[in-house]
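Just so it is clear: chains get the letters A, B, ... in the order the sequence lines come, proteins before strands, and each one is counted from 1.
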Number of protein chains: 2
Amino acid sequence: MIKIKSTTEVTIKDIARKANVSYATVSRALNNKRGVREATRAKILELSAEMFYTPNAIARGLVKKQTLTLGLIIPDITNPFYPEVARGIEDGATEGGFSIFLCNTNWEREKEVHYLRLLAEKRVDGIILAPIDNEVEAVESSLAGKIPVVYVSNAPHRTQHSFVVIDNVLGGFLATEHLIQAGHRTIGFVGSTEDSLTIAGRLKGYHRALKKHGLPVEKKYTQLGEFKQETGYRIVRRMIAERDYPRAIFAENDLLALGILQGVKASGLSVPGDVAVVGFDDIPFAGFPEVQLTTINQPKYEMGRRAVETLLEQIGGSAGAQSVQIRQIYLKPKLVVRKSSV
Amino acid sequence: MIKIKSTTEVTIKDIARKANVSYATVSRALNNKRGVREATRAKILELSAEMFYTPNAIARGLVKKQTLTLGLIIPDITNPFYPEVARGIEDGATEGGFSIFLCNTNWEREKEVHYLRLLAEKRVDGIILAPIDNEVEAVESSLAGKIPVVYVSNAPHRTQHSFVVIDNVLGGFLATEHLIQAGHRTIGFVGSTEDSLTIAGRLKGYHRALKKHGLPVEKKYTQLGEFKQETGYRIVRRMIAERDYPRAIFAENDLLALGILQGVKASGLSVPGDVAVVGFDDIPFAGFPEVQLTTINQPKYEMGRRAVETLLEQIGGSAGAQSVQIRQIYLKPKLVVRKSSV
DNA sequence: CGATAGAATGTAAACGTTTGCAAATATGAC
DNA sequence: GTCATATTTGCAAACGTTTACATTCTATCG
């Protein structure tokens, strides 16, 4: 009686049988290990093509304790900031032979924690994390040093892990100084919320520039709201309506800046004639002919790439004996001058 | 002499040892299988928490031949069309307990094929594919019916697989009829290239609307170029310069439409006064106050969700005995009227 | 021709689970 | 207390690889 396997996948053993060798030899041949006769190797390769053999990465992962897989946790791929970062990460990962799991936390803490656990179960070799805020004790404890992590875009204060972020202080400084050099003496700051991960640095840069050029910090010209376009619109309209507004505004991010542009125009004033505006991030639409927003560019793609590179280095390092090198990288922001400021 | 495992992960066996049961029992307890005494289960759960046990999904995948993982292959997450689709897919997958691998082909054929093989090796349970064009013999053969696939956004002609796409003919029809009803008699079409996956349907809808309302199809008003903004700009500027241009234009997609908007304005004419414009896709910036492009909305998020749902159904089905149900879904496009057309 | 080094191949254990089947134990009816 | 039955547990194989070690082959040298 002949035994028929129903819909089983073709394995290394099947090849071995046809080739009249042990399956260890097949494994060696397929992985280009030395110590297998050229004739044997050729035959095995031929057979494996012929039989449509597809290596089983799961089985391999089990014994090698390496999955060649990374996790990417971001708040929301739909937010125009992240696709480029993700792209840089994917490109870098692919070059290094890694695949990536995409996880959207939707800015929810539980999801962040959930995904960390999930990725740990899937035995990813490393994680790139764009955290939703500073509260990471749950996060950091949840991975408990078992698996390498690199923060990207934002990093919690005094973390022990590597990260790749933008130099927010410098960015804020550049934006503000640009407005000063354009001749403005009253410069406002419009931000999202106090616990935003980016506000502190950008505000600090703003203050620093004012101080350097001997301008006063006017409390009334620093206004916060939420992280959305509407906030910018609302704040600037109110200021203008109250007839006490700065002639230039540095916004914490491009979305707020866009709201400001609209608010100024809706109030019957012009940009940059009556109010100059500078944003932060340089998300894609900032450069559109209809928008032309002066802003601080974040090298998003590069940020992603550097993050994977750092992570892969970490992974490679943790395999060897030498201790892992922590890297905390601040990328340089660049001022991009468009029509909204000059 | 005591044997010390160095940095081995804690496994089901370790728990079994501490709990004084066989590891089969631990497995059953952790998976909430019936047939384990409540006291035993409680003890095991407690121990596993205490020891920071993390189930190994790789090992599980090997025996269950199920990874709870899907592959998502798209051209470029950086293209504003895809993030929403991807988000819909991720949300749906997560709800179903699946994770997704993100793969960007960068519009390159070899990468598409490469990723298909890779995903097969990783033993994903299914694949969602936004193909770069119609040439899919390589693709379809490469997976050879081994693993369920659902096309999203675009599907090759006469494929045997399931897909979720937009009804391009209807979309083209709606766009064109809208312009006709706004009173226009000369309506042009600006498209990308002939082998674009979407052009045929949209052009057909355009023709259909013209015919229905008794308008002639003027060859000279149908112009093609490439899939980028500049094309729209260039084409419309030339037409206007030659003093022979339609009073309304339906563009194959929003990027072209945006170029057209700019071209019209750069020529000293106004939108929609001199030339009305309708796009297709409704990518995020189309709705911005500065743009206000009338366009045909594709339900991108829903498209993603329907695609995963279809895929998961397929996966579930292929496990059971009943034959798999192929679904070929055309989503309804919606006209979104903004300032560029009325 | 025999010894020997090196290359090629084979053997078997290991990776961490799940699961069919057998064994043991508990439960209940009489 | 005995038996029958149901529940709980254990045993061992299986999933498809990689790899340390043992064995066999081949070629080279004296």
Side-chain angles (χ1 to χ4, degrees), chain A residues 3 5-45 48 51-69 120-125 146 319, chain B residues 3 5-45 48 51-69 120-125 146 319:
Chain A
K3 225 178 178 177
K5 292 193 183 181
S6 53
T7 351
T8 331
E9 60 177 284
V10 14
T11 105
I12 225 177
K13 298 195 182 182
D14 299 322
I15 299 178
R17 206 168 304 130
K18 287 223 186 184
N20 266 316
V21 293
S22 77
Y23 57 92
T25 300
V26 177
S27 172
R28 281 186 280 254
L30 293 176
N31 291 297
N32 286 313
K33 295 241 168 114
R34 51 188 213 62
V36 26
R37 198 198 316 276
E38 201 40 59
T40 319
R41 181 194 306 280
K43 185 171 175 190
I44 289 174
L45 256 46
S48 85
M51 299 169 73
F52 298 106
Y53 169 70
T54 310
N56 187 324
I58 297 297
R60 175 180 301 152
L62 184 57
V63 12
K64 299 193 73 163
K65 291 169 170 305
Q66 237 232 85
T67 54
L68 293 180
T69 294
E121 294 191 0
K122 299 242 184 216
R123 295 296 191 268
V124 297
D125 298 324
K146 307 301 280 183
Chain B
K3 224 177 178 178
K5 293 193 183 182
S6 53
T7 352
T8 332
E9 62 178 281
V10 15
T11 102
I12 226 177
K13 297 194 182 183
D14 299 321
I15 299 178
R17 206 168 306 132
K18 286 223 187 185
N20 266 317
V21 293
S22 75
Y23 57 92
T25 301
V26 177
S27 171
R28 282 186 279 254
L30 293 175
N31 292 296
N32 286 313
K33 295 240 168 118
R34 49 186 217 62
V36 29
R37 199 199 315 276
E38 200 40 59
T40 319
R41 180 194 308 278
K43 186 170 175 191
I44 289 174
L45 257 46
S48 83
M51 300 169 72
F52 298 107
Y53 169 71
T54 310
N56 186 324
I58 298 296
R60 176 181 299 151
L62 185 57
V63 10
K64 300 192 73 164
K65 293 168 168 305
Q66 237 231 88
T67 53
L68 293 179
T69 293
E121 293 191 1
K122 299 240 184 219
R123 296 297 192 268
V124 297
D125 298 325
K146 308 300 281 183

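- For the pair B:K33 NZ and D:dG10 P, the interatomic distance rounds to 16 Å; values are reported in whole Å.
- For A:K64 and D:dT17, the shortest distance from a side-chain N or O to OP1 or OP2 is not below 4.0 Å.
- For the side chain to side chain contact (heavy atoms under 4.5 Å, CB included) criterion with A:R60, the lone passing option out of A:T67, A:N31, A:L68 is A:N31.
- B:Q66 places its CD atom 10 Å from the P atom of C:dT19, with the value rounded to the nearest Å.
- Between D:dG10 and B:T25, a contact under 4.0 Å exists linking OP1 or OP2 to a side-chain N or O.
- The shortest distance between the side-chain N/O atoms of A:S27 and the OP1/OP2 oxygens of D:dT17 is not below 4.0 Å.
- Comparing A:P55 and B:R28, the nucleotide of DNA chain D nearest to each residue sits closer to the 5' end for B:R28.
- For the pair B:R37 CZ and D:dA6 P, the computed distance is 18 Å after rounding to whole Å.
- A:N56 has no side-chain polar atom (N or O) that falls below the 4.0 Å cut-off from OP1 or OP2 of D:dC15.
- With values rounded to the nearest 0.5 angstrom, B:R17 atom CZ is found 7.0 Å from B:T11 atom OG1.
- The backbone N or O of B:Y53 sits nowhere less than 3.5 Å from a side-chain atom of B:S48 that would complete a donor-acceptor pair.
- Taking atom CD on B:E121 and atom P on D:dG16, their separation rounds to 15 Å, with Å as the unit.
- A:L30 has its CG atom 15 Å from the P atom of D:dG16, to the nearest Å.
- Counting to the nearest Å, the C1' atom of C:dC15 and the CG atom of B:L62 are 9 Å from each other.
- Taking only side-chain nitrogens and oxygens, A:T11 never comes nearer than 4.0 Å to OP1 or OP2 of D:dC15.
- Residue B:S22 places at least one side-chain N or O under 4.0 Å from the OP1 or OP2 atom of D:dG10.
- No hydrogens or angles considered: a donor-acceptor pair under 3.5 Å links the side chains of B:T69 and A:K122.
- Taking atom NZ of residue B:K122 and atom C1' of nucleotide D:dG16, one finds them 16 Å apart after rounding to whole Å.
- Between D:dA13 and B:Y23, no contact under 4.0 Å exists linking OP1 or OP2 to a side-chain N or O.
- Checking B:A59 against A:V36, the closest nucleotide of DNA chain C that is more toward the 5' end is the one next to A:V36.
- Note on A:K13: a base of the nucleic acid sits closer than 4.0 angstrom, heavy atoms only.
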